[in-house]
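Before any comments, here is the structure.
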Amino acid sequence: MPKPYKLTKPCPIPPCTKIEDVDGTPHVRVKVRGKLTLCKVSKDGTKYLQPSKRWYFDIRDRNGTVTRVKGYADLKATEQHAADLARKAERRQSGFSDPAEEHIRRPLADHLKDYAAHLETKGGTAKHTRETVTRITAILSGCGFAFPPDLDAGKISVWLADQRRPGQFVEIPAGDAFSSSTVAKLLGVTVDAVRRFVARHRLPTVNQGPARKLLRASVEAIAERTTKGVAPNTVNHYIRAVRGFTRWLVRTKRIGSNPLDTLQLVNATTDVRRARRELAVDELLALLSDTRASKRTFRELTGEDRFFLYLVAAGTGFRSNALANLTPADFALDVDSPTVTLPARFNKSRKTKVQPLPADVAAELRDYLTGKPTNSPVWGGTWAKGHAGAEMLRRDLEAVGIPYAVEGPDGPEYADFHALRHTFLTMLGRHGVDLRTAQELAGHSTPLLTARYSHRRLHDLAGAVDKLPNLVPTSPDAQGEKIPLRSTGTEGAKGVVPGVVTGGMERHQSALKYTFGIVGGTSDLSTQPLEMTGAGASQHRPASICTEVGDLGFEPRLTESESVVLPLHQSPNFRDSARLTWTIISLVNFLDKSGTSDENRVLASFRSEFVIEIR
């Protein structure tokens, strides 16, 4: 084990200091860091050697290079640290090394660069990679994490909670109009964020182009928005980004375990900032009809172009980026089942998707796609960038008179371009398509995500409740008459279950009055026993014990004292077996009353024709 030592620094010997001899070596007693310490004297006798506060030790690597390592002020702790490093060095020389030991000393910024390269190699879009790295960088900087051991789930939770807290309202300086750059600097946001907010909420401005300025009311609206803090959904984006980063660190053996395993997503349903709604069928038809006849052009898309764009979006559920990159070659319309194929590079899941097309949509597309360049985007241009698709649809909705935003149970719900995907999945659910099939059509990884897109309103729930059977009795009782209760055939007997045979014949005299005719060994049912009449009688099915008829008036092979009431049982042959049972009882009752002496012959005949089930 390496031996710890302290470094020394020569210092002048104070005047009038006595030199002492300790084990043949000259020493002096001087104050070092406020403590009287015995220090060695230099060889020339003019200076003393002041020891360092910390201990040090030397480690030799596999190449023979000796490295000085700083220890601790405590000797025992330094000795333990030296022993640990010596063991690790020996393991590395033997070929048993831990990759995490080398990566743990690298800054997290270097690991993040490698992670960004991994995301690009994996096939992620440049936008996804950029947003992920930006979110992780914000967390690392906000929490003060520099190296992998610094990562802590608790500190991240506290930082994210601070981002959600409402901020203080910024005092706006005097003036009637402000430039976008001035507002961005005042509120601590980017210029692009200011411009997007103005466009989304259509805040009033003056002038156009570079000279455009925001009115004071617009600046106050933006300032009020910045005081709300980030939304829970945004917090979850940050959590997913940093958890993906730490999982990658574990997979690549840069750290031993994931320090963010306990970091959980927050409930995003309590504060939804951007809820979307589906378009009703009549709204969708009105939008398509009016857009097709529109003479306006939006970023090189004519009214007819936008009509087919909305039609395919509502018929496939494709996202705006996917639709903007479809070419005529992706459509297969002259087949029995028309389809459109979305290449993997344009799909969010990075998987090729073949989507069936509705027959009426395919019929409309045939003439529209005829003559268009095979490998050029059908709906190219810049409409799918910068959320311009939402503004395009908003203008077409306003032209029809359809509201872009409606008040929902938890705030405004918007009908932007992505709402057409909500419309597609909602129509599937309302027309009886099961959730698993809808998930496959949507290309979602889980059915829970698909369920968020398929909306159910109050009229949908009311329609489901209307399918319940009538729960209010519609009987003569409504006219003041009592509804006669169904007889059980057990008058005079206590504790007898209706519809079963008991051991004592005297207990069923009222039921024995109803008999059946027997023709050719099968039951020709003419009348039902009292137990079988009335509503719900088919649900009472006694249990079955297959045996032949035994002694008269008793259950087979049971004495009168052993005769019991058998339990109820659901039997598919209940109706025939029960009626046949009552037929035999009625016949025996008739022979008993008439005193016929030929009982054995009659019963023997029944034995040869039937195996009776006492049910």
Side-chain angles (χ1 to χ4, degrees), residues 1-112 139-156 158-159 249 253-257 259-260:
M1 184 186 74
K3 184 177 180 180
Y5 58 88
K6 284 190 175 184
L7 301 178
T8 58
K9 180 178 67 171
C11 298
I13 298 177
C16 303
T17 301
K18 183 181 179 180
I19 299 178
E20 302 178 10
D21 188 3
V22 178
D23 296 334
T25 305
H27 287 73
V28 294
R29 293 185 183 273
V30 295
K31 281 191 175 182
V32 178
R33 289 180 286 273
K35 184 179 179 180
L36 193 62
T37 307
L38 187 65
C39 301
K40 288 184 178 180
V41 178
S42 61
K43 292 181 179 180
D44 58 5
T46 60
K47 297 179 181 180
Y48 71 91
L49 302 179
Q50 178 180 327
S52 60
K53 182 179 180 180
R54 289 177 175 268
W55 292 89
Y56 292 81
F57 58 89
D58 296 333
I59 288 292
R60 187 183 302 274
D61 60 14
R62 67 178 67 180
N63 299 323
T65 304
V66 178
T67 304
R68 177 182 292 171
V69 181
K70 181 188 291 188
Y72 307 99
D74 182 70
L75 177 60
K76 293 295 183 182
T78 304
E79 290 176 345
Q80 184 177 358
H81 184 40
D84 291 340
L85 293 183
R87 283 194 298 269
K88 292 178 181 179
E90 292 176 357
R91 289 178 60 85
R92 283 194 296 269
Q93 292 177 4
S94 302
F96 299 99
S97 61
D98 185 4
E101 293 180 6
E102 301 177 3
H103 291 292
I104 205 170
R105 292 186 292 271
R106 292 181 58 197
L108 285 170
D110 294 346
H111 293 292
L112 186 56
I139 291 178
L140 299 182
S141 176
C143 297
F145 298 153
F147 295 93
D150 299 335
L151 293 170
D152 182 77
K155 292 182 179 179
I156 295 177
V158 172
W159 183 82
L249 290 176
K253 301 185 184 307
R254 299 176 183 234
I255 56 177
S257 60
L260 304 186

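These numbers come from a predicted model, not from an experiment.
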Which atoms form the tightest heavy-atom contact between Ile59 and Ala82, and what is the distance? CD1-O, 4.3 Å
Which atom pair, heavy atoms only, marks the closest approach of Tyr48 to Ile13? N-CG1, 3.7 Å
Can you tell me how far apart NZ (Lys9) and NZ (Lys47) are? Round to the nearest 0.5 Å. 11.5 Å
Between Tyr72 and Arg54, is any pair of side-chain heavy atoms under 4.5 Å apart? yes
Check Cys39 against Val32 and note the closest heavy-atom contact, atom names and distance. SG-CG2, 4.1 Å
Rounded distance (nearest 0.5 Å) linking atom CG of Leu38 with atom CZ of Arg29: 4.5 Å
What are the two closest non-hydrogen atoms of Gly142 and Trp159, and how far apart are they? CA-NE1, 3.4 Å
As an exercise, state the distance from CD1 of Ile255 to CG of Leu260, rounded to the nearest 0.5 Å. 7.5 Å
Pick out which of Val66, Thr67, Thr65 makes a side chain to side chain contact (heavy atoms under 4.5 Å, CB included) with Arg60. Val66
Verify, without hydrogens or angle tests, whether His103 (side chain) and His111 (backbone) share a donor-acceptor contact under 3.5 angstrom. no
Around Lys6, counting heavy atoms of other residues, nucleotides and ligands shown, do more than 12 lie under 6.0 Å from its NZ? yes
Just how far is it from atom CD1 of Ile139 to atom NZ of Lys155, taken to the nearest 0.5 Å? 14.0 Å
Between the CD1 atom in Ile19 and the NE2 atom in His27, the distance rounded to the nearest 0.5 Å is 11.5 Å
Run Phe57 and His81 through side chain to side chain contact (heavy atoms under 4.5 Å, CB included) and show every step you take. CA-CA 9 Å; Phe57 58 89; His81 184 40; 3.7 Å; yes
At their closest point, which heavy atom of Ile104 faces which heavy atom of Pro148, and how far apart are they? O-CD, 3.6 Å
Should Asp58 and Pro2 count as side-chain neighbours, where that means a heavy-atom distance under 4.5 Å? no
Measure the spacing between CG of Leu7 and CH2 of Trp55 and express it to the nearest 0.5 Å. 11.0 Å
Taking atom CD of Glu20 as the centre, does the number of heavy atoms from other residues, nucleotides or ligands within less than 6.0 Å exceed 12? yes
Decide yes or no for Leu75 and Pro4: does some side-chain heavy atom of the first lie under 4.5 Å from some side-chain heavy atom of the second? yes
Hey, is the main chain of Lys35 close enough, under 3.5 Å, to the side chain of Thr37 for a donor-acceptor pair? yes
Closest contact, heavy atoms only, Leu151 versus Phe145: CD2-CD1, 3.6 Å
Looking at Arg33, I want to see if its CZ is surrounded by more than 12 non-hydrogen atoms of other residues, nucleotides or ligands under 6.0 Å. yes
